Amino acid sequence: HARRSDLKVYLRNPAGTEALIIAPTDAGEDIWIDTAVLGFSGDESVNGIWTIRVVDNKSSRTGTIHAATLTVGSRWD
């Protein structure tokens, strides 16, 4: 995407709880998160389908998600 400052990225867990994981920023060519994602209670199941939702606040340009990975852990593991 040509303007990362237009983007917000959300992660939705299998229970439907959604957390903002990337706020608008122009930093870097690729977007990396290598830390725990806050916003989930920890009491919901980690098993099931996780969804990434990208919102373009300006909608004037397009972009592509080339790859995404997710490592899920739980305090019960």
Side-chain angles (χ1 to χ4, degrees):
H1 196 280
R3 293 182 48 115
R4 281 194 220 338
S5 61
D6 294 349
L7 302 178
K8 287 185 179 180
V9 181
Y10 298 87
L11 180 64
R12 182 180 305 135
N13 71 9
T17 303
E18 191 171 79
L20 177 67
I21 59 171
I22 299 175
T25 179
D26 280 323
E29 176 67 22
D30 295 326
I31 299 173
W32 294 94
I33 298 175
D34 193 15
T35 186
V37 174
L38 303 176
F40 300 110
S41 71
D43 295 333
E44 299 167 333
S45 175
V46 299
N47 298 318
I49 296 172
W50 288 74
T51 305
I52 295 174
R53 183 170 67 94
V54 180
V55 176
D56 183 341
N57 293 321
K58 302 292 182 189
S59 300
S60 59
R61 300 181 186 211
T62 61
T64 304
I65 297 175
H66 293 282
T69 60
L70 177 66
T71 302
V72 178
S74 130
R75 64 181 175 193
W76 307 112
D77 291 343

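This one's a predicted model, so the numbers in the text were calculated from it and none came from an experiment.
Nearest approach of Leu11 to Leu70, heavy atoms of both residues: CD2-CD1, 4.1 Å. Minimum heavy-atom separation, Val9 to Leu20: O-CD1, 3.5 Å.
Note that CD1 of Ile52 and OH of Tyr10 are 14.0 Å apart. Values are rounded to the nearest 0.5 Å. Between the OG1 atom in Thr51 and the CD atom in Glu18 there is a gap of 8.5 Å [rounded to 0.5 Å]. Note that CD1 of Ile21 is 11.0 Å distant from CZ of Arg53, once rounded to the nearest 0.5 Å.
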